[in-house]
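Comments concern the structure below.
Below, chain A is the first sequence line, B the second, and so on; all start at residue 1. Treat the numbers as computed from the prediction; the structure is a model and nothing was measured.
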Protein chains: 2
Amino acid sequence: MKKLRIKDIAKDLSISKTAVSFILNGRAQEKRISGELVERVEKYIQEVGFRPSAIARGLRTGKSNIIGLMVESISDPFFATIARLIENEAYKEGYRIIYCSTDNDTEKTKELINVLRERNVDGYIISPPPGVEKEINELIKAGMPVVMFDRYLAKVKTDYVVIDNEFSAENATRYLLKQGYRNIGFITFSSSLTQMKGRMKGYRTALREEGWKPYVLEIDFTPDEKVMVQTVKDFLVANPKLDAVLFGAVQAGACGLKAMTQLKMKVPQDLAVISFDDHDIFELFATPVTAIAQPIEKIAHKVISLLLDRLDAENGAGVVKEIVLKTRLKVRASSGVKAE
Amino acid sequence: MKKLRIKDIAKDLSISKTAVSFILNGRAQEKRISGELVERVEKYIQEVGFRPSAIARGLRTGKSNIIGLMVESISDPFFATIARLIENEAYKEGYRIIYCSTDNDTEKTKELINVLRERNVDGYIISPPPGVEKEINELIKAGMPVVMFDRYLAKVKTDYVVIDNEFSAENATRYLLKQGYRNIGFITFSSSLTQMKGRMKGYRTALREEGWKPYVLEIDFTPDEKVMVQTVKDFLVANPKLDAVLFGAVQAGACGLKAMTQLKMKVPQDLAVISFDDHDIFELFATPVTAIAQPIEKIAHKVISLLLDRLDAENGAGVVKEIVLKTRLKVRASSGVKAE
DNA sequence: TTGAAAGCGCTAACAA
DNA sequence: TTGTTAGCGCTTTCAA
């Protein structure tokens, strides 16, 4: 049973290719094709399980019905969850997803943009590394819908969805201060990205305004987690005065908790903890960890809605929408009042 | 700057379309095109950033260079990690990935297979739900390379990569028995899939041979985790004799640990724990949890290698490779010797 | 080495 | 309502 084409269907049913095509595309009524014929064709198509070639259609129409999703790493739980939610909503609208992991690598991302481009994807959802402004702007200039999330690029004028990083970090830091902690560290991955800069800024602001000194550790990301855990351990040992720490991301938090466990530090007695991103590890840690929870569902929903809007719009351009969502501080035992 | 076509390149360089095409496909030497010309064309292509349309090429050649990846849910950390590793290796070989989450839903999966089929994907990596034997067999009959993983379908004769579920579960159960536990429960998601059946069987075998009674809870999966946690709580409360429990999957383990935390049960004093799949939550739990770790890298590597082999082979058929990998019991404090 | 031309399967303008 | 036809951009055969 070889693959059928529209032509075959038409021949089998002794009707025209055009009619089949119109019926397939739901334009039967518009083209005034008899309901009787429509039914006959649909029944036949059903029977033989005919599926028109998306490739051929794509070549002809210039639409691929594919959305390119570029994230730092699809295995990151935050991005994996977003990917899942986006997939669901996109699917309902007839779009499929091709994903790429950028590793936050500028050159790799440029290449990946080209890869998606040659596949004629209809729209892009990008959590961009720094340095790809030019490439994304070219995409936009070529009329492609692009939505950024998690971070944005100041020099790229297109929709984005982010959280209020600065406020969230400041708020969490102030919370620690209110609980009685004074020497509060900030541990995060080194990054020039907007979201990390915002978190860092909020942390520094809170401390500065209250007159306390910042202690910052920027971890270089490596695939070998042990190395990163060791970095955190060294930092904690080198700064025994610390009584609290804010982690800038879930992986930083995971490394930190492992480091603290290995150092046999008690939470919150030896060190209070708050981390960005909520995750099972924080809920289940020996002392449940206070987390700055991102509204993941809302982020995913906004992202795909914005993209679908642009996809529908046709007319390109339109107002640029910059969405900033609020986080929620989920207070748990790790940030309890300082005992002394 | 509109999109270039091969034709434009040829015109700009005053040479033939054919030459450009051959050079693009690395067949210049074979076609005895002068090195000088090749260089000139490559330089120009570089300069203007020309990328041939993958769609047009796909239509012409029948190859899409896309691999379809179908997993239960891309947000599941196990599948997300696999997806990432597969992406990397596939990318090196020039393949891109379209993913779909099946939700383990038979009808949805059938539809998704068709979706991938109409996109002309070159190969399939599937972690199949039950009931899609017919559809997958059709794929295979049509000459499509298919590799299954995590579980397999007995009635589908194609490559697969799984772990030794039965042995792993039996081994873990025996370990608990050796540590002095006697009333050992098994908590898992309800499933007729091979991997879960294997785990169940191994668990039962160990208990039967040692003369102890099984206690099984099969959780119905729901997106609302609270419901599942409650189910586990009810089960634990209803079976106060339990002194140990084996979780059949990481999510079951997560639900279980949450339930136990809420019930203020101490591990391992009130209940010893071992879970399938290793994960940060197990490492970081108040009492670190013994885990049956799957060799994720090896699984991903095997899966994509098998698929690439088949993709290269052309000749279809070939011997069916059924790979069974070993797991590793990572012993932690949650399965310490029973105190009494 | 090069050029012409067919055709992958589909859509859609146009004519009937 | 229906049929014809011209491409979409690329690969590849064949002849020059």
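Remark: A/Glu297 pairs with no residue by the salt bridge (Lys or Arg N to Asp or Glu O under 4.0 Å) rule, at least two apart or across chains. Under the side-chain hydrogen bond (donor to acceptor under 3.5 Å, both in side chains) criterion, A/Tyr95 pairs with A/Lys63, sequence neighbours left out.
In this pair, A/Phe78 and A/Phe149 present their aromatic rings tilted. The plane angle is within the 30 to 60° band.
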Checklist entry - Taking protein heavy atoms under 4.0 Å as touching, what does nucleotides 8-16 of chain D look like 5' to 3' if B marks base contact, S marks sugar-phosphate-only contact and - marks none? => result BBBBBB---
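Taking only side-chain nitrogens and oxygens, A/Ser16 comes nearer than 4.0 Å to OP1 or OP2 of D/dG3.
Put simply, CD1 on B/Ile33 is 6 Å from P on C/dT2, counting in whole angstrom units. Whole-Å rounding puts the B/Ile15 CD1 to C/dA4 P distance at 13 Å. Look at NZ on A/Lys63: it is 16 Å from C1' on C/dC10, rounded to the nearest Å. Here the P atom of nucleotide C/dG3 and the CD1 atom of B/Ile23 are 12 Å apart, to the nearest Å.
In this structure, A/Ser21 contributes its side chain and A/Lys17 its backbone to no donor-acceptor pair below 3.5 Å. Under a 3.5 Å cut-off, the side chain of A/Thr194 and the backbone N or O of A/Tyr152 do form a donor-acceptor pair.
Other residues, nucleotides and ligands place no more than 12 heavy atoms under 6.0 Å from the CD atom of A/Glu39.
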